[in-house]
Protein chains: 2
Amino acid sequence: MKKILIIEDEESILLALEDNLALEGYEVSSATDGEQGFSMAKEHGYDLIILDIMLPKMSGFDICRELRQAGMTTPILMLTAKSQEVDKVLGLELGADDYVTKPFSPRELLARVKALLRRAKQPKKDIDRYRFGDIEVDFIKYEIRKKGKSIYLTALEFALLHFLIKHKEQVVSRDSILDEVWGDEVYVLPRTVDKHIAELRKKIEDKPSSPKYIIGVRGVGYKFKG
Amino acid sequence: MKKILIIEDEESILLALEDNLALEGYEVSSATDGEQGFSMAKEHGYDLIILDIMLPKMSGFDICRELRQAGMTTPILMLTAKSQEVDKVLGLELGADDYVTKPFSPRELLARVKALLRRAKQPKKDIDRYRFGDIEVDFIKYEIRKKGKSIYLTALEFALLHFLIKHKEQVVSRDSILDEVWGDEVYVLPRTVDKHIAELRKKIEDKPSSPKYIIGVRGVGYKFKG
DNA sequence: AGAATCTTCACAGAATCGTTACAGAAGCTT
DNA sequence: AAGCTTCTGTAACGATTCTGTGAAGATTCT
């Protein structure tokens with residue numbers, strides 16, 4: 001079931017949205033100010049974010065831009081008050097995927113939500129190069145260097161790192177790691193993941209015992225920050 | 001995935017461009033002054049360069065002219081401030097492929113980017129001659145010589161070497177090698193590739209047991225460096 | 001047929017992986 | 001805050017997998 005986050009401070013609109021989307025079978029969460037919304041958007045893996053522009057504490061613009069800069073590709077649907085014609089373009093320039101002007105009909109909104117979700121499903125593009133801290137990775141050349149110095153990773157370690165980066169800022173469980181990195185049919189103990197995480201840390205962290213990039217989240221799994 | 005380099009010093013524009021292009025699935029790099037941009041443009045193999053005219057340290061004009069003089073054929077899209085009408089022509093005379101005047105809409109820019117990439121795509125010509133280390137290959141004449149001395153390769157070995165060079169610096173799997181060099185419908189064990197890699201190494205490497213050009217990447221495949 | 005070329009087999013060494021085991025950290029209970 | 005339980009980091013080590021490479025059988029070419 002698709003998860004949708006709504007960031008909107010006007011209660012009447014928020015309620016209407018929640019009802020409509022819930023009726024369509026989406027799992028709806030909501031935030032009523034910018035900061036709360038921003039942190040929710042960062043933490044959890046929503047499939048779509050509906051974002052008002054005028055918000056207390058942090059504007060929809062800023063949320064949008066920051067999320068995009070953090071590499072998040074979740075589709076964002078902007079809500080704009082009618083007068084703010086200018087904002088439309090700006091919103092899209094910032095990385096939003098679509099917008100709806102208030103007041104809007106539920107039908108229109110649902111149509112756009114569906115369209116965005118459909119569009120987003122497909123191209124799930126893989127990262128082929130990535131840079132974080134003093135490290136650069138090239139997943140095509142299978143090269144990785146730290147402070148310019150090349151270091152060696154095994155194929156499994158590359159795959160693991162790739163997975164972590166693909167899900168950066170998200171906490172991923174050992175099981176989901178096993179599923180995607182090892183494959184569905186292999187049976188391997190979840191603890192094995194820990195072992196390879198440790199190897200990775202040895203190689204890329206400055207201080208493997210207090211890691212900066214690959215963070216363990218007790219009881220849940222791991223999270224890549226970078 | 002297409003790689004695009006943006007050379008632009010105005011942060012707001014740069015951010016908007018980066019976001020938009022990234023969303024479209026391009027791999028975006030950027031430089032914020034002329035010199036940095038120029039050296040990046042020279043170094044890496046971008047598919048498209050977006051170039052502002054007014055830049056610190058080195059103008060877009062100069063960058064464009066120098067790149068063209070160096071024989072680079074990468075499409076260049078110029079960004080010009082509206083007043084600079086004259087610049088348009090000049091820009092194109094200098095070897096730019098298209099221009100957009102500020103302010104521009106994201107849609108327009110994306111359309112032009114796509115158009116340029118499509119136009120440039122054309123006949124991705126195969127390599128017909130190549131030189132690396134002390135070796136020269138001519139894939140048309142089927143000749144190869146090392147330190148000037150001609151050596152003999154079988155047709156399969158030529159095809160394999162050609163494939164490797166075509167994908168130089170990238171790690172290619174045995175399966176992808178089989179697909180392209182042997183063809184889709186042939187059934188041959190992946191290990192067979194190893195055998196022919198070994199033969200190639202015997203013929204072109206100085207020290208086949210610790211190869212310099214054809215590098216094995218354990219668990220993944222092979223990579224040609226040269 | 002004879003020669004050249006290709007494919008598979010087989011084996012040995014090397015690299016990598018999975019599991020176990022244990023100690024210390026984190027969380028919970030009382 | 002002490003005591004108990006659960007979870008995590010990591011070293012060690014045997015098991016497994018991967019690669020390079022001769023040898024030999026199969027196929028194609030002339």
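Proteins get letters first, then strands, A, B, ... in listed order; numbering begins at 1 in each.
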More than 12 heavy atoms of other residues, nucleotides or ligands under 6.0 Å from OH of Y187(B): is that the case?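 Incorrect, the count does not exceed 12.
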At a heavy-atom distance below 4.0 Å, what parts of residues 216-226 of chain B sit against DNA chain C?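 The answer is R218(B).
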Report the end-to-end axis angle of the helix from dA1(C)-dT30(D) to dT30(C)-dA1(D); each axis comes from five terminal pairs, and the value is rounded to 10°.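 Terminal axis comparison yields 50°.
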Nearest-angstrom distance from the residue atom [atom1] of [X] to [atom2] of [N]:
{"X": "R191(A)", "N": "dT6(D)", "atom1": "CZ", "atom2": "P", "result": "15 Å"}
{"X": "D175(B)", "N": "dC18(D)", "atom1": "CG", "atom2": "P", "result": "12 Å"}
{"X": "K207(A)", "N": "dT10(D)", "atom1": "NZ", "atom2": "P", "result": "11 Å"}
{"X": "H196(A)", "N": "dG9(D)", "atom1": "NE2", "atom2": "P", "result": "14 Å"}
{"X": "L189(A)", "N": "dG9(D)", "atom1": "CG", "atom2": "C1'", "result": "16 Å"}
{"X": "E157(A)", "N": "dT17(D)", "atom1": "CD", "atom2": "C1'", "result": "15 Å"}
{"X": "D194(B)", "N": "dG22(D)", "atom1": "CG", "atom2": "P", "result": "14 Å"}
{"X": "L156(B)", "N": "dT28(D)", "atom1": "CG", "atom2": "P", "result": "14 Å"}

Which atom pair, heavy atoms only, marks the closest approach of [X] to [Y]?
{"X": "K146(A)", "Y": "D206(A)", "value": "NZ-OD1, 3.0 Å"}
{"X": "E169(B)", "Y": "K225(B)", "value": "OE2-CA, 3.9 Å"}
{"X": "V181(B)", "Y": "A159(B)", "value": "CG1-CB, 3.9 Å"}
{"X": "I215(A)", "Y": "R201(A)", "value": "C-NH2, 3.8 Å"}
{"X": "D9(A)", "Y": "M54(A)", "value": "OD1-O, 3.3 Å"}

In terms of relative ring orientation, are F224(B) and Y213(B) parallel, tilted or perpendicular, with 30° and 60° separating the classes?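 Parallel.
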Any base atoms under 4.0 Å from [X], or only sugar-phosphate, or nothing? Heavy atoms, all strands.
{"X": "I197(B)", "result": "nothing"}
{"X": "K202(A)", "result": "sugar-phosphate"}
{"X": "R201(A)", "result": "sugar-phosphate"}
{"X": "T192(B)", "result": "base"}

Ignoring backbone atoms, test whether R174(A) places a side-chain nitrogen or oxygen under 4.0 Å from the OP1 or OP2 oxygen of dC7(D).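 Answer is no, no contact under 4.0 Å.
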Specify the residue among K195(B) and P211(B) whose closest nucleotide of DNA chain D lies further upstream toward the 5′ end.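 Result: P211(B).
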Taking the side chain from E205(A) and the backbone from I214(A), do they hold a donor-acceptor pair closer than 3.5 Å?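 At least one qualifying donor-acceptor pair exists.
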Counting only N and O atoms by type, is there a donor-acceptor contact under 3.5 Å from the side chain of Y26(B) to the main-chain atoms of V113(B)?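 Not a single qualifying donor-acceptor pair exists.
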Walk along DNA chain C from 5' to 3' and tell me the first and last nucleotide with an atom closer than 4.0 Å to a non-hydrogen atom of chain B.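 The protein-touched segment is dT5(C) to dT16(C).
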Establish, yes or no, whether a centroid distance under 6.0 Å links the rings of F158(B) and H162(B).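 No, the ring of F158(B) stays outside the 6.0 Å limit from the ring of H162(B), centre to centre.
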Carboxylate-amine/guanidinium contact K203(B) E199(B), below 4.0 Å: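 Here K203(B) does not pair with E199(B) in a salt bridge, since their nearest N and O are not under 4.0 Å apart.
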SB check D138(B) R145(B) (cutoff 4.0 Å):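 Salt bridge flag = no for R145(B) with D138(B).
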Earlier contact from the 5' end, DNA chain C, for Y187(A) and Y187(B):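 Result of the comparison: Y187(B).
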